[in-house]
Amino acid sequence: MNTLKALVVKATVVTACLACSAVAHSNLIYNGGFEYPNINSGWTQVQDSADGWQGDRIEVWVDGFLGVESPEGRQHGELNSHGARHGDAWSIFQTFDTTQGSLYDFGFSYRARKNDSEAFRFQIYDSFNTSLIDLDVNDHVVGEWEHYSGSFWGTGNSTTLRLTAVQPTQWTVGNLVDDVYVNAVPAPPAALLMLSGLVGFGFVRRLRG
């Protein structure tokens, strides 16, 4: 599993690729902002994951609850759901259609809720379980959102994006997420394709304003 710091060195290539995608595209992740189910105040526990997501139950928070403002929309999610859990870590995922050889942007916003040891695993893999992106996301700025983004190549007809709690793995407090997206982008120029084949893609992290 690659760490965030190991991938940041390739940020220049990612930035160049993102510059090719001036045209907006629809998010392939449904409910990536955890806007559904719609709640009026506070938070709610969603037993069978939020709309569009599969896996474990999660919490959905309204913007401003406990002083946490959503970076996108009026709601966000907490990966570690309410109540103790015994066994596997909390994990949610979505599978979406892709095209082999096509370029895709991805991104998400993350905020540690309680302490600087919080972390979760962000994965993108194809239908053969071949890893395309595999990251341990560690945020050491408690109380501030950060946005992470990058790119990957489609390798088949379907791809899965998964979020899994790392720390804490089984308990209730931690790992706030929002604005999860995957967008198809236009084919980059041939010169950029050659460059990306030489040095690979990276991962960009920036503080949300």
Side-chain angles (χ1 to χ4, degrees), residues 1-18 21 27-30 32 34 49-50 52-56 58 77-80 85 87-112 116-141 145-170 174-185 195-206:
M1 189 187 311
N2 294 320
T3 64
L4 179 62
K5 290 183 179 179
L7 291 167
V8 167
V9 295
K10 304 300 184 184
T12 301
V13 177
V14 176
T15 302
C17 288
L18 295 180
S21 57
N27 189 0
L28 298 177
I29 300 299
Y30 178 72
F34 303 96
S49 300
W53 296 93
Q54 300 180 64
D56 297 316
I58 66 169
E78 183 178 28
L79 185 58
N80 300 75
R85 178 187 173 109
D88 295 335
W90 302 105
S91 183
I92 59 174
F93 66 94
Q94 283 195 39
T95 298
F96 50 93
D97 294 337
T98 50
T99 301
Q100 184 171 352
S102 293
L103 179 65
Y104 296 87
D105 293 345
F106 68 88
F108 59 92
S109 294
Y110 170 67
R111 172 172 168 157
D116 61 11
S117 66
E118 290 181 32
F120 75 97
R121 186 180 183 185
F122 179 91
Q123 295 172 277
I124 297 177
Y125 52 89
D126 65 17
S127 58
F128 302 102
N129 289 323
T130 300
S131 177
L132 306 177
I133 301 292
D134 194 346
L135 302 164
D136 267 342
V137 179
N138 303 287
D139 182 7
H140 298 289
V141 183
W145 289 97
E146 293 191 37
H147 184 73
Y148 300 76
S149 61
S151 301
F152 67 93
W153 297 104
T155 57
N157 294 329
S158 67
T159 301
T160 298
L161 181 152
R162 181 182 291 271
L163 309 176
T164 303
V166 173
Q167 177 65 32
T169 56
Q170 301 176 12
N175 298 313
L176 300 174
V177 293
D178 197 9
D179 195 19
V180 183
Y181 66 85
V182 173
N183 296 325
V185 300
L195 177 62
S196 66
L198 290 173
V199 301
F201 287 110
F203 200 60
V204 177
R205 166 182 150 183
R206 63 180 174 84

For S127, check side chain to side chain contact (heavy atoms under 4.5 Å, CB included) against everything at least two apart and list the hits.
S158

Would you check if the side chain of D56 reaches a backbone N or O of I92 as a donor-acceptor pair within less than 3.5 Å?
no

Minimal non-hydrogen separation, S151 against I133, with atom names
O-CD1, 4.0 Å

Flag the pair R121 / D134 as yes when at least one side-chain heavy-atom distance between them is below 4.5 Å, and no otherwise.
yes

What one should report as the nearest heavy-atom pair of E78 and I58 is O-CB, 3.7 Å

For Y110 together with F120, are the ring centres under 6.0 Å from each other?
yes

Passing option when F108 is tested against D178, L163, V137 for side chain to side chain contact (heavy atoms under 4.5 Å, CB included):
V137

Passes side-chain contact (heavy atoms from CB on, under 4.5 Å), R162 versus Y125? Steps please.
CA-CA 9 Å; R162 181 182 291 271; Y125 52 89; 3.1 Å; yes

Step by step, would you call I29 with F96 a side-chain contact (heavy atoms from CB on, under 4.5 Å)?
CA-CA 7 Å; I29 300 299; F96 50 93; 3.7 Å; yes

Would you find a donor on one side and an acceptor on the other, under 3.5 Å apart, between the side chain of T160 and the backbone of T95?
no

Set of ring pair (Phe, Tyr, Trp, His ring centres under 6.0 Å) partners for Y181, sequence neighbours left out:
H147

Verify whether one side chain among D126 and T159 offers a donor that lies under 3.5 Å from an acceptor in the other.
no

Using the ring pair (Phe, Tyr, Trp, His ring centres under 6.0 Å) criterion, which residues pair with Y104? Sequence neighbours excluded.
F152

Test side-chain contact (heavy atoms from CB on, under 4.5 Å) on W153 and T98; report intermediate values, then the result.
CA-CA 9 Å; W153 297 104; T98 50; over 6 Å; no

What's the verdict on side-chain contact (heavy atoms from CB on, under 4.5 Å) for N175 and W90, showing C-alpha distance, side-chain angles and the deciding distance?
CA-CA 10 Å; N175 298 313; W90 302 105; over 6 Å; no

Is there a side-chain contact between F93 and T164 (heavy atoms, below 4.5 Å)?
no

Side-chain donor/acceptor of N27 to backbone N/O of D179, under 3.5 Å:
no

Begin from the C-alpha positions of D105 and N183 and carry the test side-chain hydrogen bond (donor to acceptor under 3.5 Å, both in side chains) through to its verdict.
CA-CA 5 Å; D105 293 345; N183 296 325; 5.7 Å; no

I want to check something: taking the side chain as every heavy atom from C-beta on, are F106 and F122 in contact at a cut-off of under 4.5 Å?
yes

Please report the closest heavy-atom contact between R111 and E118, naming both atoms and the distance.
O-OE1, 4.5 Å

